[in-house]
Amino acid sequence: MSTTRDVAVVGGGIAGASVAHELAASRSVVLLEAETALGTHSTARSAATWIPGHGVAAARALITASGPRFAALAAEWDAPPLLAPRPVLWTAFDADAEVALAALVAERAGEPDAPVPVDRDEARRRCPALRELRAAALTEAAADVDVAALHAAYLRGLRARGGTVRTSAQVVALHRDGTGWRVGLAGGDELHVGEIVDAAGAWADRVAALAGVPRLGLTPLRRTIAVARVPDAARLRSPDGGPLPMACDAADRWYFKADGPHLLVSPADETPAEPGDARPDELDVALAVERVEAVTGLGLRSVVTSWAGLRTFVPDRAPVVGALPEHPGFWFVAGQGGSGIETAPALSALAAAVITGTAVPPDVRLDPAALAPTRPTP
């Protein structure tokens, strides 16, 4: 069977679903996912947070612009609230983290919802799970994200706008065909489309290679998360009745947040990995528990479950949106790293504007050149 669409979006995670939804407002779109289910890799394995002030400058701008867009998306496509307040506490327990914390606060000063220093007593009052620490800063406006509802809203909106979704549709060949592309799928099916959007996450460089497009040097990095049992769940209660803040090491060596009666913990690892179904390493799980236990004394001993996901970056750690001049009609929407969920509303709107040649929405205050694949990188 041969099908014609304006655009084929490759990758059914949050990046692909969100940009396909945006493009479907003015184009006929097919979303192609290699797996039998959508969003099974990084999207389903996120820490599920929206944190203003997180990441490099380009990511921070997209996070800020995404905040109001979560509510607008939920209202448009009848989704439950997508954000639930959960402050983030940036902490320093040693000299290295204290230096990193000072740099973090200084770099983000003046940005919307930037982290602000709090004294040690206030940090421990807000997060009773912590032991004595040297310094802290608080991002009050941060939130948990309902990732499943967010992903489902984008897919619901895509279909409502006439887009189609195909699972078990692994792209195995991409060939230019006049002004468009022939897309070969595993099993022998073929589609004819006008343009390709490569939103394949850890596989984005491999998809580019199928099209004869140079790789961008996207590097997948494994990130491990575990859920540990907490003997005294009372220490996971905030004194003011609100959610216990998520706590992060300012030097990026661990983080934790309450997960019901348990604690979600990570060693903030970044281990280079091949694209694939990431699995947690037992040593990384043990390291997560050890590091968080050292700063809490919660008595963490056993793990309920664990998982790993792939965070994919280019060297400057900003997302990549756009086409290489010598390869028009092949668009990258990749390299979101650990910010794919929290930037999705704004990044997809910016990407759709770049792809369709229209103006970037005024609330997304970022020059598309900062994300272009031709930008200078370290």
Side-chain angles (χ1 to χ4, degrees), residues 9-22 24 29 31-51 54 62-63 66-86 88 142-161 163-169 199-202 223-227 243 246 255-266 277-280 304-312 333 336-349:
V9 177
V10 183
I14 197 66
S18 59
V19 75
H21 162 268
E22 294 293 338
V29 178
L31 179 65
L32 303 174
E33 169 55 51
E35 305 291 353
T36 56
L38 296 161
T40 59
H41 293 290
S42 295
T43 298
R45 303 173 189 187
S46 160
T49 52
W50 175 76
I51 308 175
H54 176 223
L62 292 166
I63 292 166
S66 291
R69 285 175 168 266
F70 282 106
L73 181 73
E76 184 176 8
W77 301 117
D78 193 27
L82 298 174
L83 298 182
R86 185 190 294 272
V88 169
D144 290 335
V145 183
D146 187 335
V147 177
L150 175 67
H151 193 242
Y154 277 127
L155 294 172
R156 190 157 55 250
L158 168 63
R159 292 183 172 109
R161 291 173 172 178
T164 57
V165 178
R166 295 187 59 173
T167 56
S168 301
R223 169 61 55 91
T224 305
I225 295 177
V227 176
M246 179 178 182
Y255 60 80
F256 70 78
K257 72 174 182 176
D259 183 35
H262 306 308
L263 199 68
L264 184 151
V265 300
S266 175
D277 188 16
R279 300 294 181 183
V304 178
T305 188
S306 62
W307 64 90
L310 297 179
R311 300 148 46 91
T312 303
V333 181
Q336 294 91 335
S339 295
I341 302 297
E342 61 188 346
T343 62
L347 182 63
S348 59

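Small disclaimer: the values here were computed from a predicted structure and weren't measured.
A donor atom on one side chain and an acceptor atom on the other are not found under 3.5 Å apart for S339 and Q336.
Shortest non-hydrogen contact noted between A346 and S66 is N-OG, 3.0 Å. Smallest separation of non-hydrogen atoms from A143 and L83: CB-CB, 4.0 Å. Residues A15 and V333 share a closest heavy-atom pair of CB-O, 4.4 Å. The nearest pair of heavy atoms linking P280 to S306 is CG-OG, 3.6 Å. For the pair L158 and A20, the tightest heavy-atom approach, listed with the atom from each and the gap, is CD1-O, 3.5 Å. The minimum heavy-atom distance linking P80 with A74 is given by the pair O-CB, 3.7 Å.
Rounded to the nearest 0.5 Å, atoms CD1 (I14) and NE2 (H151) are 5.5 Å apart. Here R69 contributes atom CZ and L62 contributes atom CG; the two are 10.5 Å apart, rounded to the nearest 0.5 Å. One finds the CG atom of L32 at 10.0 Å from the OG1 atom of T167 (value rounded to the nearest 0.5 Å).
Side-chain contact between L73 and W77 is present, with heavy atoms from C-beta onward closer than 4.5 Å. With contacts defined as side-chain heavy-atom distances shorter than 4.5 Å, the pair V145/L150 qualifies. Residues W50 and I341 fail the side-chain proximity criterion, which asks for heavy atoms closer than 4.5 Å. Between L155 and L31, some side-chain heavy-atom pair lies under the 4.5 Å cut-off. By the 4.5 Å heavy-atom criterion applied to side chains, V19 and Y154 are not counted as neighbours.
Sorted by first then second residue, the salt bridge (charged side-chain N to carboxylate O under 4.0 Å, His left out) pairs that include residues 145-161, not counting sequence neighbours, are E76-R161. Among residues at least two apart or in separate chains, there is no salt bridge (charged side-chain N to carboxylate O under 4.0 Å, His left out) pair with a member in residues 11-22.
Using modelled atom types, no side-chain atom of W307 and backbone atom of T224 make a donor-acceptor pair closer than 3.5 Å. The backbone N or O of I51 lies less than 3.5 Å from a partner atom in the side chain of E342, making a donor-acceptor pair.
Shown here are the salt bridge (charged side-chain N to carboxylate O under 4.0 Å, His left out) partners of D144, two or more places apart in sequence or in another chain: R86, K257. With sequence neighbours excluded, no residue forms a side chain to side chain donor-acceptor pair (under 3.5 Å) with T343. Every residue two or more places apart in sequence or in another chain was checked for a ring-ring contact (aromatic ring centres under 6.0 Å, His included) with H54, and none qualifies. Contacts of E35 classified as salt bridge (charged side-chain N to carboxylate O under 4.0 Å, His left out), with partners at least two apart in sequence or in another chain: none. Among residues two or more places apart in sequence or in another chain, the side chain to side chain donor-acceptor pair (under 3.5 Å) test is passed with R311 by E270. Under the salt bridge (charged side-chain N to carboxylate O under 4.0 Å, His left out) criterion, D78 pairs with no residue at all, not counting sequence neighbours. Annotation: salt bridge (charged side-chain N to carboxylate O under 4.0 Å, His left out) contacts of R279 (sequence neighbours excluded): D277. Every residue two or more places apart in sequence or in another chain that forms a side-chain contact (heavy atoms from CB on, under 4.5 Å) with V304 is listed here: V227, R229, H262. Contacts of S266 classified as side-chain contact (heavy atoms from CB on, under 4.5 Å), with partners at least two apart in sequence or in another chain: R223, I225, Y255, D269. Evaluation of the side-chain contact (heavy atoms from CB on, under 4.5 Å) rule for A34 yields Q170 as partners, not counting sequence neighbours.
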